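Below is one structure; the comments refer to it alone.
Not measured: the values here are computed from a predicted model. Letters go in sequence order (proteins before strands), and every chain restarts at 1.
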Protein chains: 2
Amino acid sequence: MAGTTKEQGTEQRILRAARKVFIQKGMAGTRMREVADEAGINKALLHYYFRDKQRLFTGVFKAGASEQFSCIWGSFIHCDTLFSAIEAFVAAYLDRMLEDPLLPLFIVNELNRDARGLSEFIDRGRESRARFLRMVEEARQRGEIIDIQPRELLVNIMALCAHPFIARPMLAHIHGMNNEAFRRMIQERRKTIPEFIIRSIRS
Amino acid sequence: MAGTTKEQGTEQRILRAARKVFIQKGMAGTRMREVADEAGINKALLHYYFRDKQRLFTGVFKAGASEQFSCIWGSFIHCDTLFSAIEAFVAAYLDRMLEDPLLPLFIVNELNRDARGLSEFIDRGRESRARFLRMVEEARQRGEIIDIQPRELLVNIMALCAHPFIARPMLAHIHGMNNEAFRRMIQERRKTIPEFIIRSIRS
DNA sequence: GTCTATATGTAGATAGAC
DNA sequence: GTCTATCTACATATAGAC
């Protein structure tokens with residue numbers, strides 16, 4: 001019955017360690033040595049499980065990162081109004097990113113370096129995105145919201161959610177925020193972002 | 001009278017090349033070799049002008065990047081209303097970043113890696129930021145806008161301006177945008193971002 | 001100032017013992 | 001599977017000729 005997994009599974013330990021270091025330092029800034037140390041093993045074992053750095057990098061995503069996209073984009077699946085969908089999406093996004101605050105910066109960063117590698121990763125939320133865009137278009141036709149391009153609205157929502165995480169060091173510097181203050185700000189934005197958006201688009 | 005500058009100045013050529021490569025690849029991803037090639041010289045000369053990689057990196061900013069912050073934050077210096085200041089700021093930010101679309105990602109990236117290095121760089125706009133926050137507070141007290149934290153509004157404005165540049169590869173992938181389409185989108189946002197914001201905060 | 005040649009360190013990756 | 005020891009490549013940086 002058991003068999004493949006040992007105490008915790010070396011492969012899993014490596015993946016968790018690699019994920020942590022890659023997200024923090026990026027592909028170019030990551031040293032295999034550091035991943036090995038973080039996992040409590042040596043470099044040779046990394047190459048035993050994953051042939052090379054690139055495969056390790058890819059493995060990290062195959063093993064978990066992409067499920068998060070599904071989680072976020074699946075957040076509003078049961079919402080029947082546009083406004084409730086926006087609220088659900090914002091809450092899901094902020095909650096998820098609070099657990100991995102460096103993830104947004106990491107993703108845009110690596111996507112900028114090599115868009116091919118993570119394209120399938122993005123496509124996970126494709127249907128949900130299409131559905132959201134339809135909801136916007138329908139709300140517009142019913143006259144519930146002003147005349148705004150669905151794409152534009154989506155970009156704005158993503159911007160308001162992601163940017164505080166991406167620009168966190170700058171915000172921390174400008175406004176003198178520590179970790180606790182940052183979390184409080186994000187918690188408040190769970191409410192204020194939907195309010196900000198809905199005030200702007202409501203007819 | 002002339003004297004220090006030659007045909008174009010080797011130091012300037014190096015700085016321009018370094019700037020280009022650093023912004024594209026980041027500190028960790030940049031190879032001195034690549035900078036030398038880009039500048040049309042050899043590696044040794046880089047070390048002759050700038051002792052090491054770190055100093056070259058610093059030199060790039062001392063030589064030009066920080067002035068851009070001043071340009072953006074000085075954009076609304078003659079605006080007497082909050083709404084006109086927002087319009088001026090958004091226009092200045094987008095126009096500037098269209099010239100260096102990779103700059104926003106680069107800045108947040110390096111700031112995340114080492115916040116000390118670029119802190120003085122951020123401080124350039126400090127007074128202007130303070131003035132902007134005062135304008136928001138005053139407009140709020142006059143009842144022209146709703147009850148919103150000045151800081152929060154500033155974060156939202158920055159988010160709406162910067163995020164399309166930062167997440168450009170993702171947007172390009174999702175919406176199938178080429179360079180020309182991206183520029184058109186930014187041009188439209190010069191109008192739509194201020195509208196979006198002002199609709200949201202106007203009493 | 002600018003080059004070639006080289007020193008020095010360290011990265012990713014492999015060989016082979018256990 | 002896991003380790004130590006090592007190979008190879010390449011990055012930063014320097015020495016020294018011109």
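A distance of 6.0 Å or more separates the ring centres of A/Phe106 and A/Phe165.
Counting only residues at least two apart or in different chains, salt bridge (charged side-chain N to carboxylate O under 4.0 Å, His left out) contacts with residues 125-134 of chain A are absent. Sorted by first and then second residue, the pairs that involve residues 73-83 of chain B and meet side-chain hydrogen bond (donor to acceptor under 3.5 Å, both in side chains), not counting sequence neighbours, are B/Thr81-B/Ser84.
The stretch residues 35-42 of chain A comes close to DNA chain D through A/Ile41, A/Asn42, each having a heavy atom under 4.0 Å from the strand.
Listed by chain and residue number, B/Ala91, B/Leu94, B/Asp95, B/Gln187 satisfy the side-chain contact (heavy atoms from CB on, under 4.5 Å) test with B/Arg190 (two or more places apart in sequence, or in another chain). By the salt bridge (Lys or Arg N to Asp or Glu O under 4.0 Å) test, A/Lys25 is found to be paired with A/Glu34, residues two or more places apart in sequence or in another chain being considered.
A salt bridge links A/Glu99 to A/Arg96: one of the charged nitrogens lies within less than 4.0 Å of a carboxylate oxygen. The pair B/Glu180-B/Arg183 does not count as a salt bridge, with every side-chain nitrogen at least 4.0 angstrom from each carboxylate oxygen.
Between A/Arg55 atom CZ and C/dG12 atom C1' the separation is 14 Å, expressed in whole Å. One can place CD of A/Glu11 at 9 Å from P of D/dG1, the figure rounded to the nearest angstrom. Regarding A/Leu45, its CG atom lies at a distance of 8 Å from the C1' atom of D/dC3, rounded to whole Å. As rounded to whole Å, 10 Å separates atom C1' of D/dG1 from atom CD1 of A/Ile14.
Judged by the 6.0 Å distance and 45° axis criteria, A/Arg113 is positioned over the aromatic ring of A/Phe57.
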(Q) Walk along nucleotides 10-18 of chain D from 5' to 3' and tag each nucleotide B, S or - by protein heavy-atom contact under 4.0 Å, base first, then sugar-phosphate. (A) -SBBBB---

